[in-house]
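Along the sequence shown, the residues carry numbers beginning at 1. Heavy-atom basis, side chains included; hydrogens, waters and symmetry copies ignored.
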Amino acid sequence: MRYPRGGGLTAERQQFSEELRLKAAERFAQGEAGSVIAKDLWVSVRSVQRWRQMRDEGGPRALRSQESASLPRLSEKQLRN
């Protein structure tokens, strides 16, 4: 979900998403099928496939949430108006 001021996800939603990815990673290690993981976590099979690929290429740290890629273009004063 996008928000007009900061764009992207709220900190809470970002953390929730990271927790889902890390739960999936634990289950990858146990050899569970992607379709089973997707069903249990209520996400798409494609998301689970992407997460597995991220983990395979970058290790468990690749599944952690990233900071914003860009700085806000508006000042705090402009955001308040």
Which atom pair, heavy atoms only, marks the closest approach of A25 to L63?
-> CB-CD1, 3.5 Å

Look only at the side chain of S47 and the backbone of V43, and say whether a donor-acceptor pair between them is shorter than 3.5 Å.
-> no

Would you call W42 and L20 a side-chain contact if the rule is heavy atoms closer than 4.5 Å?
-> no

Taking only Lys NZ, Arg NE, NH1 and NH2, and the carboxylate oxygens of Asp or Glu, determine whether R27 and D40 approach each other closer than 4.0 Å.
-> yes

Kindly check if the number of other-residue, nucleotide or ligand heavy atoms within 6.0 Å of CZ (R46) is above 12?
-> yes

Side chains of Q53 and E57: is there a donor and an acceptor less than 3.5 Å apart?
-> yes

Inspect the surroundings of CD in E19 and state if more than 12 heavy atoms from other residues, nucleotides or ligands are less than 6.0 Å away.
-> yes

Would you say V45 and W51 are hydrophobically clustered, going by side-chain heavy atoms of ILVMFWY under 4.5 Å?
-> no

Exactly one candidate in E32, Q49, E26, Q30 meets side-chain contact (heavy atoms from CB on, under 4.5 Å) with I37; the answer is E32

Could you walk me through whether D56 and F28 pass side chain to side chain contact (heavy atoms under 4.5 Å, CB included), step by step?
-> CA-CA 10 Å; D56 290 348; F28 298 154; over 6 Å; no

Does one side chain, of R21 or S65, offer a donor that lies under 3.5 Å from an acceptor on the other?
-> yes

Report whether L22 and F16 are members of the same hydrophobic cluster (ILVMFWY, side-chain heavy atoms less than 4.5 Å apart, transitive linking).
-> yes

